Number of protein chains: 2
Amino acid sequence: MSHTSGVRQAQKEKTRRALLDAGLRLLEDQSLSSLGLREVTRVVGVAPAAFYRHFRDLSDLGVALVEESLGSLHALIRAILADQIGDQERIEATVEAVAEQVRRYPAHIRFIARERHGGVRPVREAIAAELDRFADEVADSFAPQLTPEGWSAEDIRILAQMYVDHMVMTATAFLEVPPDCPEEEHRVADTARKQLLLISLGRRHWRDG
Amino acid sequence: MSHTSGVRQAQKEKTRRALLDAGLRLLEDQSLSSLGLREVTRVVGVAPAAFYRHFRDLSDLGVALVEESLGSLHALIRAILADQIGDQERIEATVEAVAEQVRRYPAHIRFIARERHGGVRPVREAIAAELDRFADEVADSFAPQLTPEGWSAEDIRILAQMYVDHMVMTATAFLEVPPDCPEEEHRVADTARKQLLLISLGRRHWRDG
DNA sequence: TCATTCAGTAAACATCTGTTTGCTGACTTT
DNA sequence: AAAGTCAGCAAACAGATGTTTACTGAATGA
């Protein structure tokens, strides 16, 4: 029988965190496939061999970062979808939430954007799977309203995917705004709102195209 | 005075092409920041030092690949925009053109998708600049029709950007289809068409939202 | 024809990489 | 208190990396 928290396990978890944090930091200006194992351990201040006590290799660390990065986004989406409000307010809330997420966890968002189509297969697949789950969830939340309007399940799913893709797009757009440049930030937010409005309009007139 | 084509220059151009081709091939399963200079020269069958006769470094080669990759896409977009046809047909033509482009130059498209948010700044910036030019061009082609309908230049530009982003999105979606799987390919095309239709609907009802 | 140019070469450079090995010593269990 | 576990270490490994150097020899220009 093993305790879930002893001094032992706590220390281990601490170094694991340090490795993840160091990795995330280094990944701000390079991509995962060029990240070195020694590079990470050097930042943490630990011997290279210690890395293997926590991860099989770097792509393993990458997959862990994916779950961490998209975990918080997941909670955020749930919250927005839960609020039963009008289109206009929902758009406002969504864009603001994305902006806030980017402000709070820029490195996580950058990591996702970079590795979504990056050179490391397992990481790419982990991101794709997670984003698919997002789209499913959004589709589920749309179904009660759209199905009675005559929407097919497939079309609802397509719409949901569009919202998810747009969210990722908006997040990366915020990311490219130079720091402390609220003007550009407002421009990005404005663009995002208008694009969401356009999608909403399209959705409203879908059945009478 | 130097001739623009001697046996000399022709050979040089030939090696340059070989380097670009080798790079592009290697970049199908890795990203630019992890690509090695020696790796490229090895494939070409040339000494490592020869690389420097053509490119300052790998990101220089990357920038050259950006221009090459987006050059053909540019011509393609022009062609679609030039045809003055209805929404429905335009959507059909656009999706088919993107599909064809991906079939013809998968490596180029993959490269763009991968490096758009990749770890090499100059390449990222080159892609962003080129996509911006795309959006400008699309906006210009929309202006004659939309301006009389009361659209502002800013809103036209936002719409154009949406189309460009969607095109890139569709291209990468085609890319993720396993080879020789026409079923999945049709599904992606269908999704793309419906999303474009949705945007069209939104556009038509923009001023009476 | 002869001097020049320059794409490509071979070799050496210092430096970095991932991974394996056997070991230590603090924590944990009995 | 004794036995066992196991996170982290130091060292060594073979091999790869980017870059510089002085060079060769074929295409070029006068």
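Numbered from 1 within each chain, the chains take letters A, B, ... in sequence-line order. The shown structure was predicted, so the numbers you read here are calculated from the model rather than taken from an experiment.
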Looking at B:R116 and B:D165, is there a salt bridge between them, counting it only when a charged N and a carboxylate O are closer than 4.0 Å?
yes

Dot-bracket assigned to DNA chain D with the 3.5 Å Watson-Crick/G-U criterion, [ ] for crossing and | for other-strand pairs, is ||||||||||||.||||.||||||||||||

Is the B:Y105 ring parallel, tilted or perpendicular to the B:H108 ring (thresholds 30°, 60°)?
perpendicular

Just to be sure I understand the rule, does A:Y52 reach a base, reach only the sugar-phosphate, or reach nothing, if contact means heavy atoms closer than 4.0 Å?
base

I'd like to know if A:E154 and B:R187 make a salt bridge, using a cut-off of under 4.0 Å between side-chain N and carboxylate O.
no

Salt bridge or not between A:E13 and A:R8? Use side-chain N to carboxylate O under 4.0 Å.
no

Considering only NZ, NE, NH1 and NH2 on the basic side and carboxylate oxygens on the acidic side, decide whether B:D132 and B:R157 come within less than 4.0 Å.
yes

Measure up the B:F142 and B:Y163 rings against each other and bin them: parallel (under 30°), tilted (30 to 60°), perpendicular (over 60°).
perpendicular

Please check if atom CD in A:E183 has more than 12 non-hydrogen atoms from other residues, nucleotides or ligands closer than 6.0 Å.
no

Nearest-Å distance for atom pair CD/C1', residues B:E39 and C:dC16:
16 Å

Indicate yes or no: does B:R203 engage B:D87 in a salt bridge with an N to O separation below 4.0 Å.
yes

I need a per-nucleotide contact map over nucleotides 3-13 of chain D, read 5' to 3'. Cutoff is protein heavy atoms under 4.0 Å; write B for the base, S for backbone only, - otherwise.
--BBBBBB-B-

